[in-house]
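So the structure is just underneath, and the comments pick up after that.
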Amino acid sequence: MTGADTDLDHYSSAVAMAAAVRERRISARELLDLHLARIEEVNGEVNALVSLDPERAHAQAAEADERLARGEEVGALHGLPFAVKDTHAVAGWRTTFGSPVMADHVPDHDDLMVERVRAAGAVVVAKSNVPEFAAGSHTFNPVFGTTLNPHDLTRSAGGSSGGSAAALASGMVPLADGSDMGGSLRNPASFCNVVGLRPGLGRVPVWPMRNGWETTSVAGPMARTVEDLALLLSVLAGPTPRVPLALETPGSVFAAPLDGPGTAGLDGLRVALSVDLGGAFEVDAEVASVVADQAAVLTGAGSRVVDAHPDLHEAEDTFRTLRAWHFQASYGALLAANPGRLKASLADNITAGASLSGADVARGYAQRTALGERMRLFFEHHDLLVMPVSQVPPFSAEQEYPAEINGRAQETYLDWMRSAYVISMTGCPAISVPAGFTADGLPVGIQLVAPPSGERRLLEVAHAFERLTRVGERRPTFRRGRQELPTG
């Protein structure tokens with residue numbers, strides 16, 4: 001399917017779509033219809049988008065076209081269909097957090113991220129599915145059910161931004177937002193062969209928040225390409241007086257071309273590559289092989305690659321402590337008012353937070369400070385850390401989490417996410433970029449980690465890597481289980 005008077009289809013880049021709308025080669029209404037047709041075609045199988053509202057979306061698209069007709073100045077995302085994560089409020093739009101206790105919740109405000117996306121001209125089409133209160137990296141909930149991986153409909157799409165990742169991979173929307181505490185942007189990006197950025201602290205301000213000084217969870221962009229992701233980041237980033245930790249750098253710094261004069265490519269890049277951070281976590285053999293193979297790719301492009309990694313031994317205790325504290329502070333009252341109505345793993349984390357002492361929380365923040373300082377010193381000798389995003393390829397959608405890796409038991413629903421959440425505790429920006437596939441055709445991403453405030457250079461490097469490998473150009477087959485894969 002193509003757009004009127006253009007060669008656009010539902011897998012065209014967001015950058016190309018935005019240019020076509022601005023130049024009036026396709027109307028916002030036509031672009032919306034293109035995507036609504038794709039949603040009708042595939043969402044029934046994938047279950048990525050929920051609370052779809054075509055009528056409201058058509059009204060937004062009509063207003064976008066009228067603004068152009070009036071000759072008004074328009075934003076960077078003008079006319080682009082957009083999916084908002086179902087944990088982010090859109091005024092007047094059902095927002096459930098994937099929980100039966102919030103199934104009928106309709107907020108009266110936009111979150112700051114949504115404000116910025118809408119001000120930039122995006123057309124909100126639907127919410128993207130999430131696990132209950134974004135807890136866990138497999139997207140299922142009792143309100144809307146399970147989101148499936150478009151590369152294999154028997155597998156998980158990851159989470160908690162699994163609906164966003166699956167919708168992007170399926171061509172249902174060109175851009176989507178997400179959030180990331182322990183890998184919720186990065187894991188689903190890896191599972192679905194798209195791109196997800198966990199920005200550094202303060203890069204993408206979040207409002208409203210229960211704790212304005214919270215630094216564990218961040219919001220960020222998701223897309224099919226690094227260039228499209230940078231476009232969205234240029235809208236999401238930037239200062240605001242409502243968020244005390246927001247960085248002053250304007251989002252416009254991410255709008256410039258990622259491969260223009262003076263940008264960072266791969267030649268001469270000092271790369272530290274580590275498959276498991278020196279045995280810090282178990283990694284599936286096929287995932288480990290894909291990550292290790294990138295050494296030759298990077299070296300061939302002129303990078304200087306060494307086997308090295310920072311010491312992040314405190315990250316395990318730090319993450320679990322601060323996560324439990326955050327969950328108790330955010331959802332303790334909700335659990336008390338709704339006993340037995342939240343999923344068991346979420347309730348367990350909330351309860352664990354209730355038993356923490358002030359000394360426990362203080363230890364967590366002291367350790368996090370030490371981790372940040374150690375990363376600062378590590379990046380005096382390296383420009384980039386390369387490691388797995390996820391320790392496993394997409395697992396069965398019937399499991400809550402992988403029970404084992406390479407025959408070794410995973411005792412909790414968090415164990416298999418260590419490769420992502422240890423990086424969360426450093427405060428460094430990290431991006432998941434497609435890197436390869438398993439023998440069964442399941443996507444595997446790699447995690448590129450940069451120094452604090454290094455998002456711009458990180459995007460330039462990720463863009464160069466993406467252009468070199470072109471793994472992200474492989475589209476899903478919507479197959480079910482193991483079967484003969486298409487060639488090419």
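Atom OG1 of T477 sits about 7.5 Å away from atom CG of D152, to the nearest 0.5 Å. Residue Q60 holds its CD atom at 11.5 Å from CD of E55, rounded to the nearest 0.5 Å. Rounded to the nearest 0.5 Å, atoms CD1 (I423) and OG1 (T426) are 5.0 Å apart. One distance of note links OG1 of T240 with CD of E248; it measures 10.0 Å at 0.5 Å rounding.
Ion pairing between a basic and an acidic side chain is recognised when a charged N comes within 4.0 Å of a carboxylate O; E63 and R70 show such pairing. Salt bridge R242/E115: present, at least one basic N to carboxylate O contact under 4.0 Å. The pair D65-R29 meets the salt-bridge criterion, since a charged nitrogen lies less than 4.0 angstrom from a carboxylate oxygen. Using a 4.0 Å cut-off between charged nitrogen and carboxylate oxygen, R457 and D383 count as a salt-bridge pair. Taking a cutoff of 4.0 Å between a charged side-chain nitrogen and a carboxylate oxygen, E466 and R470 do not qualify as a salt bridge. For R376 and E380, the salt-bridge test passes: some basic side-chain N is under 4.0 Å from an acidic carboxylate O.
D9 places a side-chain N or O within donor-acceptor distance of the main-chain N or O of S12, the cut-off being under 3.5 Å. Without hydrogens or angle criteria, W93 side chain to S51 main chain gives a donor-acceptor distance under 3.5 Å. No donor-acceptor distance shorter than 3.5 angstrom exists from the side chain of S303 to the backbone of T299, with no hydrogens or angles considered. The main-chain N or O of D180 is found under 3.5 Å from a side-chain atom of R198 such that the two form a donor-acceptor pair. Without hydrogens or angle criteria, D228 side chain to A223 main chain gives no donor-acceptor distance under 3.5 Å. A donor-acceptor contact shorter than 3.5 Å links the side chain of T139 to the backbone of G162. In this structure a side-chain-to-backbone donor-acceptor pair under 3.5 Å is present from R224 to L168. Checking side-chain atoms of S432 against main-chain N and O of V389 turns up no donor-acceptor pair under 3.5 Å. A donor-acceptor contact shorter than 3.5 Å links the side chain of K127 to the backbone of H88. Here the side chain of S234 pairs no donor or acceptor atom with the backbone of A255 at under 3.5 angstrom.
For the pair R474 and F437, the cation-pi test (distance below 6.0 Å, angle within 45°) is passed. By the 6.0 Å and 45° rule, R155 does not stack over the aromatic ring of F191. Cation-pi geometry between R374 and F378 is not met: the NZ or CZ atom fails to fall both under 6.0 Å from the ring centre and inside 45° of the normal.
With hydrogens and angles left out, the side-chain atoms of S390 and N187 include a donor and acceptor closer than 3.5 Å. Between the side chains of T147 and N47, no donor-acceptor pair of N or O atoms lies under 3.5 Å. Residues E455 and S453 have side chains that never bring a donor and an acceptor to within less than 3.5 angstrom of each other. Between R186 and Q447, the side chains place a donor N or O and an acceptor N or O closer than 3.5 Å (distance only, hydrogens not considered). Looking only at atom types and distance, the side chain of D33 has a donor-acceptor partner in the side chain of H58 under 3.5 Å away. Using a 3.5 Å distance cut-off with no hydrogens or angles, the side chains of S156 and H138 do pair a donor with an acceptor. No donor-acceptor contact under 3.5 angstrom links the side chains of N149 and H151, judged on distance only. Side-chain contact check for T215 and R368: at least one donor-acceptor pair (N or O, by modelled atom type) lies under 3.5 Å. Side chains of E286 and S289: no donor on one and acceptor on the other come within 3.5 Å. Using modelled atom types and a 3.5 Å distance limit, the side chains of S161 and K85 yield a donor-acceptor pair. Using a 3.5 Å distance cut-off with no hydrogens or angles, the side chains of S160 and S184 do pair a donor with an acceptor.
Smallest separation of non-hydrogen atoms from L385 and A308: CD1-O, 4.1 Å. In terms of heavy-atom proximity, P221 sits nearest to L232 at CB-CD2, 3.6 Å. The two residues P452 and C428 make their nearest non-hydrogen contact at CD-SG, 3.9 Å. Here the closest heavy-atom approach between residue C192 and residue A157 is recorded as SG-O, 3.6 Å. Nearest approach of L236 to R116, heavy atoms of both residues: O-NH1, 2.8 Å. Across all non-hydrogen atoms, the minimal contact from I446 to L448 is CD1-CD2, 3.5 Å.
The aromatic rings of F319 and Y421 lie parallel to each other, their planes meeting at an angle below 30°, with 60° marking the opposite boundary.
A distance of 6.0 Å or more separates the ring centres of F281 and W416.
For E373, the CD atom counts as densely surrounded, since its 6.0 Å shell holds more than 12 non-hydrogen atoms of other residues, nucleotides or ligands.
Under the ring-ring contact (aromatic ring centres under 6.0 Å, His included) criterion, F465 pairs with no residue, sequence neighbours left out. Applying the side-chain hydrogen bond (donor to acceptor under 3.5 Å, both in side chains) test to S419 and every residue at least two apart in sequence or in another chain returns nothing.
Counting heavy atoms from C-beta on, the side chains of M387 and V275 never come closer than 4.5 Å.
Each of D86, N129, T87 was scored for a side-chain hydrogen bond (donor to acceptor under 3.5 Å, both in side chains) with T96, with one residue passing: D86.
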